[in-house]
Q: 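Quick one: the structure is below, and I'll ask about it shortly.
For this chain, numbers begin at 1 and follow the sequence in order. Remember, it's a predicted structure, so these values are computed and weren't measured experimentally. No hydrogens, no waters, no symmetry mates; every other heavy atom, side chains included, goes into these values.
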Amino acid sequence: MLTMDNIVRDGHPSLRKVAEEVPLPASDEDKATLERMLEYVKNSQNPEVAEKYGLRPGIGLAAPQIDVEKRMIAVHVHDEKGNLYSYGLFNPRIISHSVERAYLTAGEGCLSVDEPYPGYVPRYARITVKGVSLDGEEVKLRLKGLPAIVFQHEIDHLNGVMFYDHINKEDPFAEIDNAIPVD
Ligand SMILES: O=C(O)C[C@@H](Cc1ccccc1)[C@H](O)SCc1ccccc1
Ligand code: NI
């Protein structure tokens with residue numbers, strides 16, 4: 001199973017590269033890697049397992065964070081209505097997005113960043129994502145709220161972008177035009 005020892009930290013070159021498309025159908029090795037990533041995210045949300053193995057809770061993980069420069073992400077998150085979004089995706093891409101923005105009022109963190117970077121992170125309020133699931137199916141997801149934010153955070157990792165790159169350096173908590181707060 002993956003632990004925090006497998007997660008590279010800010011400054012590691014893998015976090016600043018554009019990851020490679022995964023050749024499809026996915027190899028057994030790439031499937032096993034993505035399954036382990038999804039298992040990490042689920043384990044990290046289980047208090048007993050997280051405590052036992054010292055896992056930082058997460059709602060998503062991208063392959064570059066475990067030093068695998070491939071376009072794979074794992075997400076396990078509930079929306080405000082309690083709907084579960086649990087996916088391992090190969091080659092995810094945002095195919096459309098709203099003009100309206102959204103941001104987490106608590107700001108964002110990252111399993112690869114050990115220190116806090118306070119501030120609002122502007123995201124698209126609504127996105128449509130396409131990708132290929134672990135069982136080889138084409139997936140199309142229309143997302144808003146926290147699920148939309150976590151998918152954008154993870155897809156950013158595939159392009160070498162960190163959440164704090166988006167924070168207003170002059171005024172981290174400056175109001176974001178045309179944006180809805182997400183608690
Ligand atoms: O480092 C990662 O990619 C995992 C992040 C993803 C994330 C952070 C902030 C906002 C959206 C996604 C971890 O999940 S950070 C820990 C966390 C846990 C619950 C809610 C928000 C952040
Ligand atoms: Ni992150």
Q: More than 12 foreign heavy atoms under 6.0 Å from OH of Y117: is that the case here?
A: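 Yes - once you tally the heavy atoms of other residues, nucleotides and ligands closer than 6.0 Å, there are more than 12.
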Q: Are V8 and M1 linked, directly or through other ILVMFWY residues, by side chains that come within less than 4.5 angstrom of each other?
A: no
Q: Would V68 end up clustered with L111 when hydrophobic side chains under 4.5 Å apart are linked, directly or stepwise?
A: yes
Q: With a 4.5 Å cut-off on side-chain heavy atoms, are S112 and H12 touching?
A: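 Heavy-atom side-chain distance check fails, nothing below 4.5 Å.
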Q: May I ask you to test the V139-Y87 pair for a side-chain heavy-atom distance under 4.5 Å?
A: yes
Q: Got a sec, which residues hit side chain to side chain donor-acceptor pair (under 3.5 Å) with T33, two or more places apart in sequence or on another chain?
A: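 In terms of side chain to side chain donor-acceptor pair (under 3.5 Å), with neighbours along the sequence ignored, T33 is linked to no residue.
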Q: Got a donor-acceptor contact below 3.5 angstrom from the Q152 side chain to the A148 backbone?
A: yes
Q: Tell me whether R9 is salt-bridged to E115, with the criterion being a basic N under 4.0 Å from an acidic carboxylate O.
A: no
Q: Between Y40 and N6, is there a side-chain donor-acceptor contact under 3.5 Å, judged purely by atom types and distance?
A: no
Q: CD of E154 to NE2 of H157: how many Å apart, nearest 0.5 Å?
A: 5.5 Å
Q: Can L134 be reached from F151 by stepping across I, L, V, M, F, W or Y side chains whose heavy atoms are under 4.5 Å apart?
A: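 Not linked; separate clusters.
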Q: Would a 4.5 Å heavy-atom cut-off, applied to side chains only, mark L89 and V132 as touching?
A: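 No; the side chains remain at least 4.5 Å from each other.
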Q: Ignoring hydrogens, what is the shortest heavy-atom contact between D156 and H166? Give both atom names and the distance.
A: OD2-NE2, 2.6 Å
Q: Could you grab the distance from atom CG of L146 to atom CG of L104, nearest 0.5 Å is fine?
A: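 It is 6.0 Å, given to the nearest 0.5 Å.
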Q: Evaluate side-chain contact (heavy atoms from CB on, under 4.5 Å) for Y120 paired with E175, printing each intermediate quantity in order.
A: CA-CA 8 Å; Y120 295 145; E175 186 185 345; over 6 Å; no
Q: Identify the two heavy atoms, one from M162 and one from C110, that lie closest to each other, and give their separation to 0.1 Å.
A: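 Minimum heavy-atom separation between M162 and C110: CE-SG, 4.2 Å.
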Q: How long is the gap from OH on Y103 to CD1 on I180, to the nearest 0.5 Å?
A: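 Between Y103 OH and I180 CD1, I get 9.5 Å after rounding to 0.5 Å.
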Q: Is the number of heavy atoms from other residues, nucleotides or ligands under 6.0 Å of K169 NZ greater than 12?
A: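 Check passes, neighbour count above 12.
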Q: Considering all heavy atoms of both residues, which atom of A102 and which atom of V182 are nearest to each other, and what is their separation?
A: CB-CG2, 4.0 Å
Q: What's the shortest heavy-atom distance between G88 and L38, and which atoms?
A: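 Heavy atoms only, the tightest pair is N-CD2, 4.1 Å.
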Q: Do E108 and I149 have side chains that approach each other closer than 4.5 Å (heavy atoms only, starting at C-beta)?
A: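 With C-beta onward as the side chain, the pair touches.
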Q: Any chance CD of E29 has more than 12 other-residue heavy atoms, nucleotides or ligands included, within less than 6.0 Å?
A: no
Q: Apply side-chain contact (heavy atoms from CB on, under 4.5 Å) to residues T128 and K140 and explain how you reach the verdict.
A: CA-CA 7 Å; T128 300; K140 182 175 177 181; 3.9 Å; yes
Q: Tell me whether I59 shares a hydrophobic cluster with L141, the cluster being built from Ile, Leu, Val, Met, Phe, Trp, Tyr side chains joined at under 4.5 Å.
A: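 Linked, I59 and L141 end up in one cluster.
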Q: Taking the side chain as everything from C-beta on, heavy atoms only, tell me whether M37 gets closer than 4.5 Å to Q65.
A: no
Q: Can you measure from CZ (R126) to CG (L143) and round to the nearest 0.5 angstrom?
A: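 Reported to 0.5 Å precision, the distance equals 12.0 Å.
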Q: Atom CZ in R56, atom OG1 in T3: separation rounded to 0.5 Å?
A: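 That separation rounds to 14.0 Å.
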Q: Compare every heavy atom of F90 with every heavy atom of A26, then report the nearest pair and how far apart it is.
A: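 Looks like CB-CZ, 3.5 Å.
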Q: Do V22 and L34 have side chains that get closer than 4.5 Å, going by heavy atoms?
A: no
Q: Using side-chain contact (heavy atoms from CB on, under 4.5 Å), reason through H76 and L84 one step at a time and then give a plain yes or no.
A: CA-CA 7 Å; H76 191 79; L84 175 62; 3.8 Å; yes
Q: Is the number of heavy atoms from other residues, nucleotides or ligands under 6.0 Å of E20 CD greater than 12?
A: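 No, not enclosed.
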Q: For the atom pair CD (E69) and CG (L15), what is the distance rounded to the nearest 0.5 Å?
A: 9.5 Å
Q: Between N159 and R71, is a side-chain contact (heavy atoms from CB on, under 4.5 Å) present by the stated rule, with each step listed?
A: CA-CA 9 Å; N159 297 318; R71 302 185 79 81; 2.8 Å; yes
Q: Looking at residues at least two apart in the chain, or sitting in another chain, which of them share a ring pair (Phe, Tyr, Trp, His ring centres under 6.0 Å) with Y85?
A: none
Q: At their closest point, which heavy atom of P172 faces which heavy atom of P118, and how far apart are they?
A: CB-O, 3.5 Å
Q: Who are the side chain to side chain donor-acceptor pair (under 3.5 Å) partners of D183, not counting sequence neighbours?
A: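 In terms of side chain to side chain donor-acceptor pair (under 3.5 Å), with neighbours along the sequence ignored, D183 is linked to T105.
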Q: Hey, quick one: are V150 and V41 part of the same hydrophobic cluster, counting side-chain heavy atoms closer than 4.5 Å, chains of contacts allowed?
A: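 No: no chain of side-chain contacts under 4.5 Å links V150 to V41.
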Q: So, the side chain of Q45 versus the backbone of G58: is there a donor-acceptor pair under 3.5 Å, distance only?
A: yes
Q: With side chains defined as the heavy atoms from C-beta onward, is the minimum distance between N43 and L2 less than 4.5 Å?
A: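 N43 does not reach L2 side chain to side chain.
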Q: Are side-chain heavy atoms of K144 and E80 found at a separation under 4.5 Å?
A: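 Heavy-atom side-chain distance check passes, below 4.5 Å.
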